[in-house]
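Just so we're on the same page: letters track the sequence lines, and every chain starts at 1.
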There are 2 protein chains.
Amino acid sequence: MSTTHKKRKAGSRRAEIIDKATDLFLENGFSGTSMAELAKACQMQKASLYYHFKTKEELFAACITEGHACSLDTLETISRDEDAPPAERLRAAIANLYQINVDSKVGRMSPLIAEVSRAIPSVAKRFHQDFMVKEQSLLEKIIDDGVAEGAFRRIDPPTLRYMIVGPIITLSLAREMFATFDNLDQECPADHIRQHHIEQILRLLAKDGLSADREA
Amino acid sequence: MSTTHKKRKAGSRRAEIIDKATDLFLENGFSGTSMAELAKACQMQKASLYYHFKTKEELFAACITEGHACSLDTLETISRDEDAPPAERLRAAIANLYQINVDSKVGRMSPLIAEVSRAIPSVAKRFHQDFMVKEQSLLEKIIDDGVAEGAFRRIDPPTLRYMIVGPIITLSLAREMFATFDNLDQECPADHIRQHHIEQILRLLAKDGLSADREA
DNA sequence: GTCTATACAGTGATAGAC
DNA sequence: GTCTATCACTGTATAGAC
């Protein structure tokens, strides 16, 4: 507290940089975000950033991997709770997928990854391994359990996965694309889709004859 | 032919620039693509680009709007063919949506739009109006006709739209994100999803009792 | 661990000859 | 309509004081 010039909070200035950087990357893209801009947002000097991160690419990688790695906890809990009724588990899981992919920062990073994937392939690799694969396998376990219990109809796994995750990711992407629209919530009605999508998935998974429970 | 220095093909050098620029933008993003790089790809001088386009942003806008505006022709034809059986029309429509969004350049631009949307909101607006809205309404007409004919069950339109377009857009996005992977076709099995997705949509739209036609 | 100062390559864009 | 030459500026990254 005596030697340094500006020490805002104890310890992890690094975490603060990652947080601010993530916001800026999400808003302006990777190339569209400058270290100067980030420095200003952190109220520090450009050069100081390079004490914490050797390069801009390394900083970006940290935003992807360290920044929000704990996001799958809830999904993991749901996945482990094998006693709950399959439909309720799936309902909870999909609700959580919306939260992860639409509400939180990690899930909104897909367009960013697409932007830098050619220039920094390792980032795409990490994002895939640390986030997407885990998310997928947790979801798949929940469905598999339901099928094993006889509660769900068996559907080709990759296809079902895309029908569950597809609308969610697309909603997230659309909200990034049209972030500046006045009527964003009309164009991309997040809550509406969030509520109705799950019902259609359950209808798909329902065994024949049980599917007439609900009319949209 | 006598006055100019290098006149490759007659007339539309402009179209060539748009074409090359689109490729580079798709590969490296907007900020990640420099005018110098583009000039080299077009085998011309940087300054010459500015004869055709006042700014880089204007060039980008041209890539979005002019470059690939005619892509909805097939979908339009399908949409107009009201005598064909609804299921066949929808099948053809979805197949075309895959072609537009996964195979062609327009559909792969979504992450790009997301990147520049905050900096150049007009581009997002144009893309939305000229492409997405049209695509959506053509699709909706096909479904509405099927419902009117009594062939399809009625499903909440925005939800159904996301369940059709969501997996397609997400497949496209994933292929951009993981473009550098060796096993891209394993990770993002485009053909597989393309074939099976449509069957699930038809099951969703099938009236009760008719849905036992097929097992995935 | 943060600062000031700076290197220097690359950026979008312009001027003016041909 | 394309060229050469050049502009003013911003980009990432580094050196060295404190």
Side-chain angles (χ1 to χ4, degrees), chain A residues 1-22 24-25 27-63 66 112 115-116 118-120 122-123, chain B residues 1-22 24-25 27-64 112 115-116 118-120 122-123:
Chain A
M1 195 69 87
S2 55
T3 57
T4 61
H5 296 255
K6 282 185 184 178
K7 191 194 280 183
R8 257 144 231 293
K9 298 161 196 165
S12 65
R13 189 89 168 163
R14 183 188 163 95
E16 187 196 342
I17 296 174
I18 289 182
D19 189 56
K20 291 277 200 298
T22 302
L24 287 175
F25 284 144
E27 209 165 313
N28 308 315
F30 175 75
S31 302
T33 301
S34 73
M35 297 299 270
E37 195 180 0
L38 173 59
K40 206 167 78 180
C42 296
Q43 290 178 282
M44 71 193 311
Q45 289 301 312
K46 233 178 6 172
S48 304
L49 295 172
Y50 287 89
Y51 170 80
H52 297 278
F53 303 95
K54 257 210 308 279
T55 67
K56 185 186 179 185
E57 295 191 356
E58 192 185 294
L59 165 61
F60 182 74
C63 291
E66 291 174 48
L112 268 179
E115 184 194 344
V116 303
R118 265 94 168 184
I120 330 175
S122 58
V123 167
Chain B
M1 196 67 88
S2 54
T3 56
T4 61
H5 296 256
K6 282 184 183 179
K7 191 196 281 182
R8 257 141 232 295
K9 297 161 196 163
S12 65
R13 190 89 167 166
R14 184 188 164 95
E16 188 195 344
I17 296 174
I18 288 182
D19 189 56
K20 292 277 200 299
T22 302
L24 288 175
F25 285 143
E27 209 165 312
N28 307 316
F30 175 75
S31 302
T33 301
S34 72
M35 298 299 270
E37 194 180 1
L38 173 58
K40 206 167 78 179
C42 295
Q43 290 179 284
M44 70 194 312
Q45 289 303 311
K46 224 178 16 168
S48 304
L49 295 173
Y50 287 89
Y51 170 80
H52 297 278
F53 303 94
K54 256 210 307 280
T55 68
K56 188 186 179 185
E57 295 191 356
E58 192 186 293
L59 164 61
F60 182 74
C63 291
I64 301 294
L112 267 181
E115 184 195 345
V116 302
R118 266 96 167 181
I120 331 176
S122 59
V123 167

Distance test, side-chain N/O of [X] to OP1/OP2 of [N], below 4.0 Å:
X: A:Arg13; N: C:dG1; value: no
X: B:Ser48; N: D:dC3; value: yes
X: B:Gln45; N: D:dT2; value: no
X: A:Tyr51; N: C:dT2; value: no

Given atom [atom1] of [X] and atom [atom2] of [N], what is their separation to the nearest angstrom?
X: B:Glu58; N: C:dG12; atom1: CD; atom2: P; answer: 15 Å
X: B:Leu24; N: C:dG12; atom1: CG; atom2: P; answer: 12 Å
X: A:Gln43; N: C:dC3; atom1: CD; atom2: P; answer: 10 Å
X: B:Leu38; N: C:dT11; atom1: CG; atom2: C1'; answer: 14 Å

Got a list of protein N/O to nucleotides 11-15 of chain D N/O distances below 3.5 Å?
residue: D:dT12; atom: OP1; partner: A:Thr33; partner atom: O; Å: 3.4
residue: D:dT12; atom: OP1; partner: A:Lys56; partner atom: NZ; Å: 2.8
residue: D:dT12; atom: OP2; partner: A:Met35; partner atom: N; Å: 2.9
residue: D:dT12; atom: O4; partner: A:Lys46; partner atom: NZ; Å: 3.2
residue: D:dA13; atom: OP2; partner: A:Tyr50; partner atom: OH; Å: 3.2
residue: D:dA13; atom: OP2; partner: A:Lys56; partner atom: N; Å: 2.8
residue: D:dA13; atom: N6; partner: A:Lys46; partner atom: NZ; Å: 3.3

Problem set entry | Note: A:Glu37-A:Lys40 ion pair, threshold 4.0 Å (strictly below) | no

Problem set entry | With A:Glu27 via side-chain hydrogen bond (donor to acceptor under 3.5 Å, both in side chains) - residues at least two apart | none

According to side chain to side chain contact (heavy atoms under 4.5 Å, CB included), who are the partners of [X], at least two apart in sequence or on a separate chain?
X: A:Glu58; result: A:Phe53, A:Lys54, A:Thr55
X: A:Ser31; result: A:Glu115, B:Ser31
X: B:Ala15; result: B:Ser12
X: A:Ala41; result: A:Lys20, A:Leu24

Exercise. Should B:Phe30 and B:Ile120 be marked as a side-chain contact (heavy atoms from CB on, under 4.5 Å) after you check the CA-CA gap, both sets of side-chain angles, and the distance that decides it?
Worked result: CA-CA 11 Å; B:Phe30 175 75; B:Ile120 331 176; 4.2 Å; yes

Seminar exercise, completed: For B:Arg13 and B:Gln43, the nearest pair of non-hydrogen atoms, with its separation, is NH2-O, 3.7 Å

Problem set entry | All ring-ring contact (aromatic ring centres under 6.0 Å, His included) counterparts of A:Tyr50, not counting sequence neighbours | none

For this session: Take the C1' atoms of the five end pairs on each side of the helix from C:dG1-D:dC18 to C:dC18-D:dG1, get both axes, and report the angle to 10 degrees.
Result: 0°

